[in-house]
Participant: 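Structure in structure tokens, see below.
Note that ligands are numbered from 1 as they come in the structure, with each ligand's atoms numbered from 1 the same way. What's counted below: heavy atoms across the whole structure, side chains too, no hydrogens, waters or symmetry copies.
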Amino acid sequence: MSAIISTQQLSIAFGGHLAVNQVSTEIHEKSFTSVIGPNGAGKTTFFNLLSGQLNPTEGRVFFRGKDITAHSPTNRSRIGIGRSFQITNVFPNLTVLENVRLAVQSQAKVRYQLFAHFSFYHKFENKARELLKTVLLHEKEASLAVNLAHGEKRKLEIAMLLALETEVLLLDEPTAGMSLEEVPAILEVIKAIKEKGDRTIVLIEHKMDMILDLSDEVMVLFNGELLAKGSPEEMMENETVQSAYLGGLHSENLA
Ligand SMILES: Nc1ncnc2c1ncn2[C@@H]1O[C@H](COP(=O)(O)OP(=O)(O)OP(=O)(O)O)[C@@H](O)[C@H]1O
Ligand SMILES: [Mg+2]
């Protein structure tokens, strides 16, 4: 298995604080990797370094062996690293379908530059409909984005991320803030994307059952450092991980 993304001594300091500290790792092509760790461990910051939203203080990021440390987020998305849209990127007064269609269209423009011709409109819309089916949001295609429930907004974000057709999907707590009833649908969506087998998925999550269920590999971040990495079972059994993190997480989950 070859690495699609790798990092070498990746670090970023905010003031004097190292939010990500000397992280060297590899993410394998078409694998499902989860990133776990307590609040403030550096998980989101690590994603921001992979997607280019932040520049490292030290270290490098590689995509298929090519050094992309200096590349912009747009450039990284173009070559294949996509991160989920925040709801702020969604047009609240456009419909669900229109939002996804625009995401599809933006990807097409990146590829073909000039293809804004009207005849493509239906192609874009059909593609958008297909994506809405994938995320189980097709019944809401005519709703204004502003009127969606929280869980539905997260599904919309995932559809817009899929529209970019990037090989790598960085998903930062897709179930955050959801009600218990909304979680299974998102889980189903992520499973469906995984089962298609054509993407590399990196997921930040706090829900251990989801991590155990989905992951090929688990990265444990603690105080910005990569504390351990391995199969979900190995991480569950790892004493350093248990004492640093999993014990607390378990009791949280059982609560
Ligand atoms: N832009 C920033 N400026 C200053 N400090 C920051 C910035 N972004 C993150 N931090 C700090 O870096 C550390 C890591 O934050 P990060 O958001 O990456 O953690 P996390 O693992 O994603 O946590 P959570 O599980 O709560 O989402 C924290 O101490 C946070 O306060
Ligand atoms: Mg975070």
Side-chain angles (χ1 to χ4, degrees), residues 5 7-25 27 32-61 69-73 76 81-89 150-151 153-154 157-158 161 168-180 182-183 186-187 190 201-215 217-230 232 235-236 238 240-255:
I5 289 182
T7 65
Q8 283 177 6
Q9 280 99 42
L10 198 61
S11 306
I12 188 166
F14 296 121
H17 175 68
L18 278 160
V20 171
N21 190 1
Q22 299 284 319
V23 173
S24 300
T25 192
I27 292 163
F32 196 112
T33 303
S34 293
V35 181
I36 65 171
N39 293 119
K43 305 178 296 296
T44 297
T45 306
F46 178 65
F47 265 23
N48 286 334
L49 291 169
L50 298 184
S51 65
Q53 259 80 27
L54 289 172
N55 294 313
T57 316
E58 199 192 324
R60 323 226 126 261
V61 180
T69 316
H71 288 209
S72 67
R76 291 185 204 205
I81 304 175
R83 84 164 289 168
S84 52
F85 277 80
Q86 297 300 308
I87 203 66
T88 45
N89 293 100
H150 183 81
K153 282 184 183 159
R154 301 309 300 254
E157 286 171 22
I158 295 175
L161 171 63
V168 178
L169 302 174
L170 304 176
L171 301 170
D172 191 348
E173 297 195 47
T175 66
M178 279 189 184
S179 64
L180 274 179
E182 287 173 317
V183 173
I186 291 290
L187 185 57
I190 295 173
I201 304 170
V202 192
L203 172 76
I204 297 176
E205 251 304 333
H206 285 288
K207 294 186 177 63
M208 274 313 287
D209 46 353
M210 244 173 106
I211 289 153
L212 292 173
D213 199 16
L214 292 166
S215 313
E217 284 207 290
V218 178
M219 289 174 60
V220 185
L221 287 183
F222 192 71
N223 280 336
E225 290 179 40
L226 182 58
L227 189 73
K229 188 181 166 192
M235 292 302 95
M236 291 295 285
N238 184 306
T240 322
V241 174
Q242 276 179 7
S243 57
Y245 178 56
L246 286 177
L249 192 79
H250 263 314
S251 48
E252 215 175 80
N253 256 13
L254 292 171

Participant: Once rounded to the nearest 0.5 Å, what's the spacing between atom OG1 of Thr33 and atom CD1 of Ile204?
Facilitator: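 Reported value, rounded in 0.5 Å steps: 12.0 Å.
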Participant: In the protein, which heavy atom is nearest to atom 16 (P) of ligand 1, and how far is it?
Facilitator: Thr45 OG1, 3.5 Å
Participant: Counting only nitrogen or oxygen atoms and a 3.5 angstrom limit, does Gly37 reach ligand 1?
Facilitator: no
Participant: State whether any protein heavy atom lies less than 4.0 Å from atom 3 (N) of ligand 1.
Facilitator: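 Given the 4.0 Å cut-off, atom 3 (N) of ligand 1 counts as touching protein heavy atoms.
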Participant: Answer yes or no as to whether an N/O/S atom of Thr44 is found below 2.8 Å from the Mg ion (ligand 2).
Facilitator: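 Given the 2.8 Å cut-off, Thr44 counts as a ligand of the Mg ion (ligand 2).
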Participant: Please report whether atom 6 (C) of ligand 1 has a protein non-hydrogen atom at a separation of less than 4.0 Å.
Facilitator: yes
Participant: For atom 27 (O) of ligand 1, what's the nearest protein heavy-atom neighbour? Residue, atom name and distance, please.
Facilitator: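 Residue, atom and distance for the closest contact: Glu173 OE2, 3.5 Å.
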Participant: Looking only at atom types and distance, does a side-chain atom of Lys43 sit under 3.5 Å from a main-chain N or O of Pro38, one as donor and one as acceptor?
Facilitator: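 Flag set: sc Lys43 to bb Pro38 pair under 3.5 Å.
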Participant: Within this structure, what is the CD1-CD1 distance for the pair Ile158 and Ile190, rounded to the nearest 0.5 Å?
Facilitator: 5.0 Å
Participant: Any sub-3.5 Å donor-acceptor pair from Ser11's side-chain atoms to Gln22's backbone N or O?
Facilitator: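 Checked: pair present.
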Participant: As an exercise, state the distance from CD1 of Ile12 to CG of Asn55, rounded to the nearest 0.5 Å.
Facilitator: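 Ile12 CD1 to Asn55 CG: 7.5 Å, rounded to 0.5 Å.
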Participant: Tell me which protein heavy atom sits closest to atom 17 (O) of ligand 1, plus the residue, atom name and distance to 0.1 Å.
Facilitator: Thr44 CB, 3.8 Å
Participant: Give me the nearest non-hydrogen protein atom to atom 25 (O) of ligand 1 as residue plus atom name, then the distance to 0.1 Å.
Facilitator: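 Going by distance alone, atom 25 (O) of ligand 1 is nearest to Lys43 NZ, 2.7 Å.
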Participant: I need the Leu10 CG to Gln8 CD distance, nearest 0.5 Å.
Facilitator: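 It comes to 10.0 Å.
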Participant: For ligand 1, which atoms sit closer than 4.0 Å to a heavy atom of His206?
Facilitator: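 Checking each atom against His206, I get 25 (O).
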Participant: To check your reading of the model: name the closest protein heavy atom to atom 11 (C) of ligand 1, its residue, and the distance in Å.
Facilitator: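 The protein heavy atom lying closest is Phe14 CD1, 3.9 Å.
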Participant: If you round to the nearest 0.5 Å, how far is CG of Asn21 from CD of Glu225?
Facilitator: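 With rounding to 0.5 Å, CD (Glu225) is 4.5 Å from CG (Asn21).
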Participant: Mind checking whether Gly42 has an N or O less than 3.5 Å away from an N or O of ligand 1?
Facilitator: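 Yes: some nitrogen or oxygen of Gly42 is under 3.5 Å from one in ligand 1.
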Participant: How far is atom 29 (O) of ligand 1 from its nearest protein heavy atom, and which residue and atom is that?
Facilitator: His17 NE2, 3.6 Å
Participant: Should Leu187 and Thr175 count as side-chain neighbours, where that means a heavy-atom distance under 4.5 Å?
Facilitator: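 Side-chain contact under 4.5 Å: no.
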Participant: How far is atom 12 (O) of ligand 1 from its nearest protein heavy atom, and which residue and atom is that?
Facilitator: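 That would be Ala19 CB, 3.3 Å.
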Participant: Quick check for you: to the nearest 0.5 Å, what is the distance between Glu205 atom CD and Ile186 atom CD1?
Facilitator: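 One gets 10.0 Å once the value is rounded to the nearest 0.5 Å.
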Participant: Could you tell me whether Gly40 and ligand 1 have an N or O pair separated by under 3.5 Å?
Facilitator: yes
Participant: Nearest to atom 26 (O) of ligand 1, what protein heavy atom do you find, and at what distance?
Facilitator: Asn39 ND2, 2.9 Å
Participant: Tell me whether His206 contacts the main-chain N or O of Ala176 through its side chain, where contact means a donor paired with an acceptor under 3.5 Å.
Facilitator: no
